[in-house]
Amino acid sequence: MTIQTPGRICLFGEHQDYLGLPVIPMAISLNSQIIGERSKRKEVIINKPDLNESGSFLLNDLAYTKTRDYFKSGLKVCINEGLSFTTGVECEITSQIPIQAGCGSSSAIMVGWIHFLSQMADQPPNWDRQKIGELAYRAEVTEFNEPGGMMDQYSSAVGGTIYLESEPEISIREVSSKLGAFVLGDSGEPKDTMGILQRCRDNRSTIIKKVKIQNPNFDLHSCDSDFGTDGLNYDEKVLLEGTIRNRDLLRQALQELEKDKPDHELIGKLLSEHHPVLRDVLKVSTSKIETMLDAALNAGALGGKINGSGGGGCMFAYAPDNSEFIADAIEKVGGKTYIIEPVAGSRIIAS
């Protein structure tokens with residue numbers, strides 16, 4: 001059995017989904033892959049040749065022994081969902097997705113793991129991709145009380161370019177199949193994903209609670225820029241205004257992405273308008289990311305932004321007509337590049 005699962009970039013709504021706001025991610029043509037089969041032993045064996053690592057655990061011992069013990073949590077979530085495993089599995093996991101770079105590499109592996117386990121169960125269920133994304137989110141985020149949202153898991157599972165709402169209930173729809181190539185640039189800078197997510201989430205959650213004390217009817221989904229900020233200091237006002245600006249840019253982009261013939265220059269412009277909120281308000285960019293973005297834009301990219309939690313990792317530029325030229329410009333300032341396009345979600349490529 002071979003399962004292939006894509007990474008993702010976030011087009012619009014970066015650092016918003018964990019606040020309950022919508023997001024528009026795109027699954028990208030860089031994949032993780034799980035190749036495996038049932039074994040005769042009641043043991044799970046996982047080989048990771050990319051990292052020169054391997055590990056194993058017994059089916060009847062799912063107690064966590066390390067931080068973010070994801071392979072055990074994935075199996076536990078599947079069992080809690082009603083699946084049974086009489087025999088163990090042995091598999092090999094490889095990935096093209098940059099690691100710890102904001103492209104959902106760990107979530108792609110978790111989605112692929114859940115998908116793989118569903119096929120290895122005694123009675124494989126007929127789960128759709130949204131269900132696989134839901135269970136991956138539970139296994140990766142809910143199980144360990146992590147600060148992230150659900151964008152990564154659903155994007156990798158469902159695929160394409162999607163509009164994802166988590167409130168008042170989860171809603172997913174494809175918004176565009178008309179996008180061209182992007183250039184993903186990896187800065188190679190390490191980043192503190194959990195620390196950045198926690199800071200950006202907790203600061204704004206505290207501000208929103210503060211506003212609701214003054215105005216119990218305050219709603220982040222419907223408020224306008226003139227929402228009233230009595231009781232907030234300057235920095236708090238800037239953070240909240242940036243969050244609303246980010247939300248409104250997504251809404252404008254959504255209208256364009258849903259058209260039969262989207263305006264690619266406008267999409268690029270909106271990406272470039274999204275980035276300053278991340279750079280100047282949430283302060284998650286770096287000087288190297290800025291240099292890479294400047295190089296891409298000066299070479300003719302239609303727009304771009306930092307990708308993922310920030311503090312390092314990747315940026316991307318929209319370059320439907322000149323992707324190789326843009327990639328070369330980013331490489332010249334020290335980035336490692338990948339030309340990417342939208343792809344389908346987690347899929348079985350060999351059974």
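Just so it is clear, the structure is predicted and the values come from calculations on it, not from any experiment. Start at 1 with the first residue, then count along the sequence.
For E273 and K269, the salt-bridge test passes: some basic side-chain N is under 4.0 Å from an acidic carboxylate O. Taking a cutoff of 4.0 Å between a charged side-chain nitrogen and a carboxylate oxygen, E92 and K48 do not qualify as a salt bridge. The pair E331-K336 does not count as a salt bridge, with every side-chain nitrogen at least 4.0 angstrom from each carboxylate oxygen.
Checking side-chain atoms of S73 against main-chain N and O of Y70 turns up a donor-acceptor pair under 3.5 Å. Counting only distance, with no hydrogens or angles, the side chain of H15 and the backbone of S309 share a donor-acceptor pair below 3.5 Å. Judged purely by atom type and a 3.5 angstrom limit, E43 has no side-chain atom pairing as donor or acceptor with the backbone of G88. Proximity of a side-chain donor or acceptor of R199 to a complementary backbone N or O of L282 within less than 3.5 Å is detected. Remark: side-chain polar atoms of N47 are not paired, donor with acceptor, to backbone N or O of E53 under 3.5 angstrom. Counting only distance, with no hydrogens or angles, the side chain of S272 and the backbone of G304 share a donor-acceptor pair below 3.5 Å. For the pair R201 (side chain) and I196 (backbone), a donor-acceptor distance under 3.5 Å is absent. Looking at E189, its side chain never comes within 3.5 Å of a backbone N or O of G311 through a donor-acceptor pair. Put simply, the side chain of R347 gets close to the backbone of G345: a donor and an acceptor are under 3.5 Å apart. At least one donor-acceptor pair closer than 3.5 Å links the side chain of K288 to the backbone N or O of G334.
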Starting from the C-alpha separation in whole Å, work towards a yes-or-no answer on side chain to side chain contact (heavy atoms under 4.5 Å, CB included) for I267 and L302. CA-CA 8 Å; I267 291 168; L302 298 183; over 6 Å; no
Any chance you could lay out the salt bridge (Lys or Arg N to Asp or Glu O under 4.0 Å) test for E258 and R173, step after step, and finish with the verdict? CA-CA 10 Å; E258 290 185 317; R173 70 176 188 265; 2.7 Å; yes
Checking side chain to side chain contact (heavy atoms under 4.5 Å, CB included) for the pair I132/D128: CA distance, chi angles, key distance, verdict? CA-CA 7 Å; I132 291 169; D128 62 19; over 6 Å; no
Test side chain to side chain contact (heavy atoms under 4.5 Å, CB included) applied to M1 and I35, step by step: CA-CA 6 Å; M1 173 70 64; I35 301 174; over 6 Å; no
List the steps and the verdict of side chain to side chain contact (heavy atoms under 4.5 Å, CB included) for Q130 and I172. CA-CA 8 Å; Q130 184 167 331; I172 299 173; 3.8 Å; yes
Decide yes or no on side chain to side chain donor-acceptor pair (under 3.5 Å) for R38 and T87, but give the supporting numbers first. CA-CA 7 Å; R38 295 184 181 92; T87 62; 4.8 Å; no
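In this structure, L257 CG and M26 CE are separated by 10.5 Å, a value rounded to the nearest 0.5 Å. Here the straight-line distance linking atom CG of L254 with atom CZ of R251 works out to 10.0 Å at 0.5 Å rounding. The structure places CG of D321 at 8.0 Å from NE2 of H264, a figure rounded to the nearest 0.5 Å. Summarising the geometry, atom NE2 belonging to H221 is positioned 4.0 Å from atom CD belonging to E167; distances are rounded to the nearest 0.5 Å. Note that CD1 of I339 is 11.0 Å distant from CG of L184, once rounded to the nearest 0.5 Å. From L270, atom CG reaches atom CG of L249 across 6.0 Å, with rounding to the nearest 0.5 Å.
Across every non-hydrogen atom of G242 and V277, the tightest pair is O-CG1, 3.4 Å. Contact record, G268 with Y318: N-CD2, 4.3 Å, taken as the closest heavy-atom pair. Shortest non-hydrogen contact noted between P6 and I97 is C-CD1, 4.0 Å. Considering every non-hydrogen atom in both I306 and H275, the closest pair reads N-ND1, 3.2 Å. For the pair E236 and L232, the tightest heavy-atom approach, listed with the atom from each and the gap, is OE1-CA, 3.3 Å. Across every non-hydrogen atom of I289 and G313, the tightest pair is CD1-O, 3.6 Å.
Residue N52 places its CG atom among 12 or fewer non-hydrogen atoms of other residues, nucleotides or ligands, all under 6.0 Å distant. Annotation for K210: atom NZ counts as buried by contact number, over 12 foreign heavy atoms lying within 6.0 Å. The number of heavy atoms from other shown groups lying within 6.0 Å of CD (E174) is above 12. Atom CD of E324 has 12 or fewer neighbouring heavy atoms from other residues, nucleotides or ligands inside a 6.0 Å radius. Environment of CD1 in I170: crowded, with over 12 heavy atoms of neighbouring residues, nucleotides or ligands closer than 6.0 Å.
Between E143 and Y64, the side chains place a donor N or O and an acceptor N or O closer than 3.5 Å (distance only, hydrogens not considered). There is no side-chain donor-acceptor pair under 3.5 Å between E341 and S29. For the residue pair D50 / T94, no side-chain donor-acceptor distance below 3.5 Å is found, with atom types taken as modelled. Side-chain contact annotation: S95 with S32, donor-acceptor N/O pair under 3.5 Å absent. Between the side chains of Y154 and R8, no donor-acceptor pair of N or O atoms lies under 3.5 Å. At a cut-off of 3.5 Å, with distance as the only test, a side-chain donor of E140 or S107 sits close to an acceptor on the other residue. Looking only at atom types and distance, the side chain of E14 has no donor-acceptor partner in the side chain of H274 under 3.5 Å away.
Side-chain atoms of I162 and I24, non-hydrogen and from C-beta on, never get closer than 4.5 Å to each other. V23 is not listed as a side-chain neighbour of Q16, based on a closest heavy-atom distance of 4.5 Å or more. In this structure, the side chains of F12 and N246 stay at 4.5 Å or more apart for every pair of heavy atoms. By the 4.5 Å heavy-atom criterion applied to side chains, S205 and L19 are counted as neighbours. In this structure, F57 and L62 have side chains that are in contact, with non-hydrogen atoms separated by less than 4.5 Å. Counting heavy atoms from C-beta on, the side chains of P125 and L83 come closer than 4.5 Å. The side-chain heavy atoms of F71 and I93, taken from C-beta on, include a pair separated by under 4.5 Å. Looking at I34 and T2, their side chains never come closer than 4.5 Å, going by heavy atoms from C-beta outward.
Cluster membership check: M120 does not share its hydrophobic cluster with I349, using side-chain heavy-atom separations under 4.5 Å among Ile, Leu, Val, Met, Phe, Trp and Tyr. One hydrophobic cluster holds both I28 and L271 under the rule that ILVMFWY side chains link at heavy-atom gaps under 4.5 Å. Cluster membership for V44 and I114, using ILVMFWY side-chain heavy atoms within less than 4.5 angstrom, is shared. Under the 4.5 Å side-chain contact rule for hydrophobic residues, V284 and I244 share a cluster. Grouping the Ile, Leu, Val, Met, Phe, Trp and Tyr side chains by contacts below 4.5 angstrom, directly or via other members, places L11 apart from L278.
A cation-pi geometry, defined here as NZ or CZ lying under 6.0 Å from the six-membered ring centre and within 45° of its normal, does not hold between K305 and F316.
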